[in-house]
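Everything on this sheet refers to the single structure shown next.
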Amino acid sequence: MKDEEIKKAIDFYRSLIENEISNERIVNGKLIGPRKLIKQHPVDLKDIINPERPFFDKDVVDDLDHLYVTTFRFGNFKKPLSLGKTGYGTEIIAGIELGTKLVKKGFINNFNEISEFLAKYKMGIFDVFSEEKIENGKMLDLRVYECIECSKLPNVGEPICYFETGMIIGILKELTHQEVYAEEIRCWANGYSFCQYNIIIKD
């Protein structure tokens, strides 16, 4: 994906954010976006097949992007129901390990290359929405659009991108050599058109 397409995608998704957040609500203590809440989790097999990703779809011929995403999700959503949420910590740790290796092996060498890497491998469109200094560090608001994990999934009432959360932690921790904390607070899977991560990097 070329830089100008990434910028177009970011501008398009940013144009949706204010309206979506102004129409969100809190249900049982959780943020829920404006799309209709569907009480089913984990998602059904039919939900993960052939998702549309408007900007990534332009990058390939035929239905190849649909196939990339569906294949990824077949592997990722195969967890037994009996594991429930106990498996999510494992996903975060796996993400941290991958993120750390991506930096150590030279796939990502600086902050700007995070966006290039995620776009190249069609994992998502990376947007540093805001950054501010806080006591003993800084806080980042990171957004990911057309996320390979969750884009176009139904609203099941909670964020699900645990692996991506871990990967962001691993990348930033290895780049900064500081403590990094991350939480996904908004996601396709809780009713939005983007993933939003609150990041704290401690000095």
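Note: hydrogens, waters and symmetry copies are ignored here, and every other heavy atom, side chains too, is used.
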Answer yes or no: is there a donor N or O on one side and an acceptor on the other, between the side chain of [X] and the main chain of [Y], under 3.5 Å?
X	Y	value
S115	N112	no
R143	Y13	no
E146	F55	yes

A quick test of your reading: do over 12 heavy atoms of other residues, nucleotides or ligands sit less than 6.0 Å from [atom1] of [X]?
X	atom1	value
D11	CG	yes
K173	NZ	no
E4	CD	yes
K58	NZ	yes

task = Start with the C-alpha gap between E20 and R186, add the side-chain angles, then the distance that decides, and say whether salt bridge (charged side-chain N to carboxylate O under 4.0 Å, His left out) holds.
result = CA-CA 10 Å; E20 289 186 8; R186 295 181 174 95; over 6 Å; no

For the residue pair [X] and [Y], establish whether any side-chain heavy-atom pair is separated by less than 4.5 Å.
X	Y	answer
D127	F194	no
I48	L45	yes
T70	P51	yes
E149	W188	no
M139	E131	no
L118	M167	yes
I114	L172	yes
E184	I160	no

Could I get the full list of salt bridge (charged side-chain N to carboxylate O under 4.0 Å, His left out) partners for K152, not counting sequence neighbours?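 With neighbours one apart ignored, the set is empty.
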
- Query: Got a sec, which residues hit salt bridge (charged side-chain N to carboxylate O under 4.0 Å, His left out) with R25, two or more places apart in sequence or on another chain?
  - Reply: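 For R25, no residue satisfies salt bridge (charged side-chain N to carboxylate O under 4.0 Å, His left out) once neighbours in sequence are set aside.
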
Would [X] and [Y] show up in the same hydrophobic cluster when neighbours are defined by side-chain heavy atoms closer than 4.5 Å?
X	Y	answer
I10	I21	yes
F111	M123	yes
V27	L153	no
I171	Y121	yes

ask   = When you check the side-chain N and O atoms of Y197 and E164, is any donor under 3.5 Å from an acceptor?
value =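 Side-chain D/A pair, Y197 to E164: absent.
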
Worksheet item: How close do G124 and V144 get, heavy atom to heavy atom, and via which atoms?
Response: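 For G124 and V144, the tightest heavy-atom pair comes out as CA-CG1, 3.8 Å.
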
### Query
Do you know which two heavy atoms are closest between D203 and G137, and how far apart they sit?
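Shortest heavy-atom contact: OD2-N, 3.4 Å.
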
**OP:** Apply the test side chain to side chain contact (heavy atoms under 4.5 Å, CB included) to residues I201 and V180: give CA-CA distance (whole Å), side-chain angles for both, the deciding distance (0.1 Å), then the verdict.
**Re:** CA-CA 5 Å; I201 302 176; V180 176; 4.3 Å; yes

Would you give the length of the straight line joining atom [atom1] of [X] to atom [atom2] of [Y], rounded to the nearest 0.5 angstrom?
X	Y	atom1	atom2	answer
K202	N136	NZ	CG	5.5 Å
I26	I32	CD1	CD1	9.5 Å
I200	E183	CD1	CD	9.5 Å
H66	L64	NE2	CG	10.0 Å

* **From CA spacing to verdict: salt bridge (charged side-chain N to carboxylate O under 4.0 Å, His left out), E132, K138** => CA-CA 6 Å; E132 63 178 284; K138 63 182 172 181; over 6 Å; no

Are the aromatic ring centres of F72 and Y68 under 6.0 angstrom apart?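 For F72 and Y68, the ring centres are not under 6.0 Å apart.
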
Reference residue Y192; test side chain to side chain contact (heavy atoms under 4.5 Å, CB included); the match among L31, I17, L16: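 The option that passes is L31.
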
Please walk me through it: do D3 and K7 pass salt bridge (charged side-chain N to carboxylate O under 4.0 Å, His left out)?
-> CA-CA 6 Å; D3 289 348; K7 185 180 184 312; over 6 Å; no

### Query
Is it true that K8 and E5 make a salt bridge, defined as a side-chain N closer than 4.0 Å to a carboxylate O?
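Salt bridge flag = yes for E5 with K8.
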
Which atom pairs, donor and acceptor, lie under 3.5 Å between side-chain atoms of residues 93-109 and protein residues at least two apart or in another chain?
unit_1, atom_1, unit_2, atom_2, d
T100, OG1, I96, O, 2.8
N109, ND2, G106, O, 3.2
N109, ND2, E113, OE1, 3.1

When you look at F56 and I125, which way does the side chain to side chain contact (heavy atoms under 4.5 Å, CB included) test go after all the steps?
CA-CA 9 Å; F56 279 129; I125 300 163; 3.8 Å; yes

Notebook entry, point to check: Going through the checks in order, is the side chain to side chain contact (heavy atoms under 4.5 Å, CB included) test met by I6 and E116?
Noted result: CA-CA 9 Å; I6 292 174; E116 295 171 17; over 6 Å; no

Problem set entry | side chain to side chain contact (heavy atoms under 4.5 Å, CB included) assessment of N190 paired with N155 | CA-CA 5 Å; N190 67 329; N155 179 358; 4.3 Å; yes

